[in-house]
Amino acid sequence: MNKRAVIGIAVVVGVLAIAAPIAASLYWAEKQNLAEQQSRGDRVASEVLRRMDLMADETFEMFRLMKAAKATDSCSEQNIRLMRRIAMQMDQLKAVGYVANDHLICSSFGRHDVGSMGIPLGPPAYRSPLGSDVRTSVRFEDVPGKTFLVSTDRSTGYTAIIDGDQALLPNVPDISMGAFFGSTKTPLVSHGDFNPRWMEELGSATEAHFSSGRHLVAFKRSSKYTFASFAAIKQTTVREGLQRAAMLMIPAGVGAGLVLALAVFYGTRYQMSPRALIKAGLRRNEFFLVYQPVVELQSGRCVGAEALIRWRRPDGTIVRPDMFIPYAEESGLIHDITKEVLRLVAHDTARFLKAHPHLHIGINLSSKDLVIAETTQLVRDLIREMGVKPHNIMVEATERGFMQADVARRIMDDIHSLDVRIAIDDFGTDYSSLSYLEKFHLDYLKIDKSFVDTMGGEAATSQVALHIIEMAKSLKLEMIAEGVETEEQRRFLAQRGVQYAQGYLFAKPLPFAEFAAYVEKTEKQPDPVVGAMQYPLLTDS
Ligand code: C2E
Ligand code: CA
Ligand code: CA
């Protein structure tokens, strides 16, 4: 996947990481709030119903007791005393009375028909199938401003006078509530908003919840009587609840979102970091080697190759080592890269080297490899695993590798004692103490391309380049010139006694199969085809 796609995905994921918890918290806030308001409604409706049931229980108990007294005159002194006693004993009944022809004739307070037909009550609002007639909102002159529920036993005329408002809960002002008989659309008691159409929603169910336009409504049907209760919460109240819940949930959602977004940010940053990319590349075998032939200048023959690492990214682009070796060194992965190089060398070249035992493969070691004791062991294992001779392997170490001289020296000595040849790479470009040249066992000196570039041609040849050549000779080091691109350079090097060279003049770094073909071709021809033979040596010294 390319970088832009990864960043694009990371941005989308990051936005989602922020938005999703907020959306989720809002969703939960809404769900939570709705559930809470619904259960508030339920609790109110249940309580109203419980109180209504209690009122009806006492009413029917009173009907039973009065009937059982079997008075011949319902309004006799004795019967009125009984009414008074029952009214006093029962919590819900304000008064017990006797009704005939829609008038209250007498009650636990005494007779009401002195000089009149009694207190007129008007026709009942509801005739219950359980045998009672119910009048709602009955007013009495002596109790101004108050209405009562009046329930009369149709067969005896005994009547319960009840303060229906006591079924209601005064301390929840934001909830409308009440009770009504199943088949009527007039409430028995109610306070606050009431819409007769709500009752249609209950149907024959024992309870119901629904949201109607401006209200969230809960219903409960009595299991003993023919009435039901309701509680209705205004949607505006529901929304206020939502806002309150959201005020609590959204900060949590935002917090969670930020944490997630940061996790995505750092996660992506880590995944995009060179270290993570190199690790993934190693895991997915994205690295491979190319081999640049090293040629003997006198004969033009190929004497070996330098293994150079390449990284094929998942999108197909090939990355040069200069782009990732420094990161691998910084992040401590270089040793893993070296191991991978050794594995690839063994895989690519073992068989070929056995068939061409005079060739060598040069392996670049990082300065970090020279302070890790395991490196010697790795080289030893490589030779054994490949089944080749030690001189088939050459290691190239740069001057930087010698900076921790003591450790490096021990490791280099160990490698040297395996009979593996050692080359000093990029000579003269970096670390400028030359004392190590004598301290270390070295076999080859690689003349860096920057010096080769100054050789031959019109420009005055660098004194440094000549000095390096003289120094190598006096130290008995063989030389390999790097980055030879022109015939002039080749000729100049050969004339100064430089033994070997590599560079585009001979061949670029090649995939292994092409390198093998290159070797076969140059070996078949007694007179090599490479540039060298087109310009016989020593003709123009
Ligand atoms: P180096 O060891 O000095 O390798 C020589 C570099 O010069 C190679 O670049 C090679 O492709 C390039 N080259 C060879 N002939 C010519 C030429 O005629 N003209 C020009 N312009 N360039 C030429 P490359 O392969 O990009 O490697 C760059 C550096 O990366 C290497 O420098 C080496 O320091 C490092 N490197 C390469 N492979 C490995 C490896 O397997 N392990 C480690 N630790 N470092 C490696
Ligand atoms: Ca090298
Ligand atoms: Ca070099």
Side-chain angles (χ1 to χ4, degrees), residues 278 281-282 286-295 297 302 304-312 318-349 360-372 375 378-379 382 393-401 421-431 442-456 468 479-490 493 500-512 514-515 518 530-531:
I278 292 171
L282 283 168
E286 288 170 7
F287 294 93
F288 66 99
L289 295 176
V290 286
Y291 297 84
Q292 185 175 39
V294 177
V295 169
L297 284 173
C302 178
E306 176 178 5
L308 294 161
I309 194 165
R310 296 290 180 268
W311 184 4
R312 187 183 287 109
I318 306 284
V319 187
R320 296 282 293 257
D322 294 333
M323 303 296 291
F324 62 88
I325 293 287
Y327 288 113
E329 288 179 337
E330 245 169 61
S331 61
L333 285 174
I334 188 66
H335 199 57
D336 295 304
I337 297 237
T338 300
K339 284 190 207 166
E340 178 70 353
V341 169
L342 298 182
R343 185 185 73 81
L344 289 166
V345 164
H347 169 269
D348 292 344
T349 70
H360 75 264
I361 299 293
I363 294 166
N364 288 285
L365 292 183
S366 151
S367 55
K368 297 266 161 38
D369 293 315
L370 296 184
V371 294
I372 301 177
T375 303
L378 290 176
V379 175
L382 174 77
I393 298 299
M394 176 165 104
V395 300
E396 303 188 5
T398 61
E399 293 168 284
R400 252 174 312 145
R421 284 180 270 173
I422 299 175
I424 167 110
D425 201 356
D426 300 346
F427 183 77
T429 58
D430 205 0
Y431 180 65
L442 301 171
D443 304 291
Y444 295 91
L445 185 151
K446 294 193 85 168
I447 304 170
D448 191 72
K449 180 176 185 302
S450 58
F451 302 113
V452 172
D453 284 346
T454 67
M455 291 172 182
I468 288 172
M479 287 167 276
I480 305 171
E482 286 187 307
V484 178
E485 290 181 344
T486 66
E487 184 46 40
E488 285 74 27
Q489 290 166 350
R490 183 201 65 75
L493 290 161
Y500 307 100
Q502 61 188 100
Y504 295 173
L505 177 65
F506 311 103
K508 288 198 165 184
L510 303 168
F512 181 73
E514 285 175 36
F515 166 66
Y518 174 92
V530 283

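Just follow the structure's listing: the first ligand is 1, and inside any ligand the first atom is 1. Start at 1 with the first residue, then count along the sequence.
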Protein contact for atom 32 (O) of ligand 1 (heavy atom, distance under 4.0 Å): no

Which distance, rounded to the nearest 0.5 Å, do you find between the CZ of R490 and the CE of M455? 14.0 Å

Between L510 and V290, is any pair of side-chain heavy atoms under 4.5 Å apart? no

Any N, O or S atom of T398 closer than 3.0 Å to the Ca ion (ligand 2): no

Any V341 side-chain heavy atom under 4.5 Å of N364 side chain: no

Taking the N/O/S atoms of D426 one by one, which is nearest to the Ca ion (ligand 3)? OD1

Nearest non-hydrogen protein atom to atom 29 (C) of ligand 1, with distance, is D322 OD1, 3.4 Å

As a quick check of understanding, evaluate side-chain contact (heavy atoms from CB on, under 4.5 Å) for R312 and I318, giving each step before the final call. CA-CA 5 Å; R312 187 183 287 109; I318 306 284; 3.8 Å; yes

Heavy atom of the protein closest to atom 41 (O) of ligand 1 (residue, atom name, distance): V341 CG2, 3.4 Å

Non-hydrogen atom of K446 closer than 4.0 Å to ligand 1: no

Nearest-neighbour protein heavy atom for atom 6 (C) of ligand 1, which is reported as residue plus atom name and distance: L308 CD2, 4.8 Å

Closest protein heavy atom (residue, atom, distance) for atom 18 (O) of ligand 1: Y504 N, 2.7 Å

Strictly less than 4.0 Å: does any protein heavy-atom distance to atom 37 (C) of ligand 1 fall in that range? yes

Atom 15 (N) of ligand 1 sits nearest the protein heavy atom Q292 NE2, 2.8 Å

So that I can check it, does any N, O or S atom in D425 come closer than 3.0 Å to the Ca ion (ligand 3)? yes

Can a donor-acceptor pair be found, under 3.5 Å and without considering hydrogens, that links the side chain of Q489 to the backbone of T486? yes

Spatial distance of atom NZ (K339) from atom CG (L344) [nearest 0.5 Å]: 14.0 Å

Got a donor-acceptor contact below 3.5 angstrom from the T375 side chain to the D369 backbone? yes

Give a yes or no on whether Y327 atom OH has more than 12 heavy-atom contacts from other residues, nucleotides or ligands under 6.0 Å away. no

Is E482 close enough to the Ca ion (ligand 3) that one of its N, O or S atoms comes in under 3.0 Å? yes

Go through the steps for W311 and I325 under the test side-chain contact (heavy atoms from CB on, under 4.5 Å), then give the verdict. CA-CA 11 Å; W311 184 4; I325 293 287; over 6 Å; no

Within less than 4.0 angstrom of ligand 1, does K508 place any heavy atom? no

Atom 46 (C) of ligand 1: closest protein heavy atom, distance to 0.1 Å, is N364 CB, 3.8 Å

Enumerate the atoms of ligand 1 whose separation from the nearest heavy atom of D426 is less than 4.0 angstrom. 3 (O)

Just need the protein heavy atom nearest to atom 11 (O) of ligand 1, so name the residue and atom and give the distance. P509 CG, 3.4 Å

Stepwise side-chain contact (heavy atoms from CB on, under 4.5 Å) test for L445 and I468: CA-CA 9 Å; L445 185 151; I468 288 172; 3.8 Å; yes

Can a donor-acceptor pair be found, under 3.5 Å and without considering hydrogens, that links the side chain of D448 to the backbone of F427? no

Rounding to 10°, state the angle centred on the Ca ion (ligand 2) that links OE1 in E396 with OE2 in E306. 90°

Ligand 1 to G483, heavy atom cutoff 4.0 Å, flagged ligand atoms 15 (N), 16 (C), 17 (C), 18 (O)

The answer for which part of V484 has a heavy atom under 4.0 Å from ligand 1 is backbone

Quick one: look up the protein heavy atom nearest atom 27 (O) of ligand 1 and list residue, atom name and how far away it is. P321 CG, 3.3 Å

Would you call R320 a ligand 1 contact, heavy-atom distance under 4.0 Å? yes

To the nearest 0.5 angstrom, please state how far the OG1 atom of T338 sits from the CG atom of L378. 8.5 Å

Test of proximity, R310 against ligand 1: N or O pairs below 3.5 Å: yes

Do K446 and E482 sit within salt-bridge range, that is, some charged N less than 4.0 Å from a carboxylate O? yes

Less than 3.5 Å between some nitrogen or oxygen of G503 and one of ligand 1, yes or no? no

Set out, in order, the CA-CA distance, both residues' side-chain angles and the distance that settles side-chain contact (heavy atoms from CB on, under 4.5 Å) for T349 and F512, then state yes or no. CA-CA 8 Å; T349 70; F512 181 73; 3.5 Å; yes

So which of V290, L505, I309 gets nearest to atom 39 (C) of ligand 1, if we judge by its closest heavy atom? I309

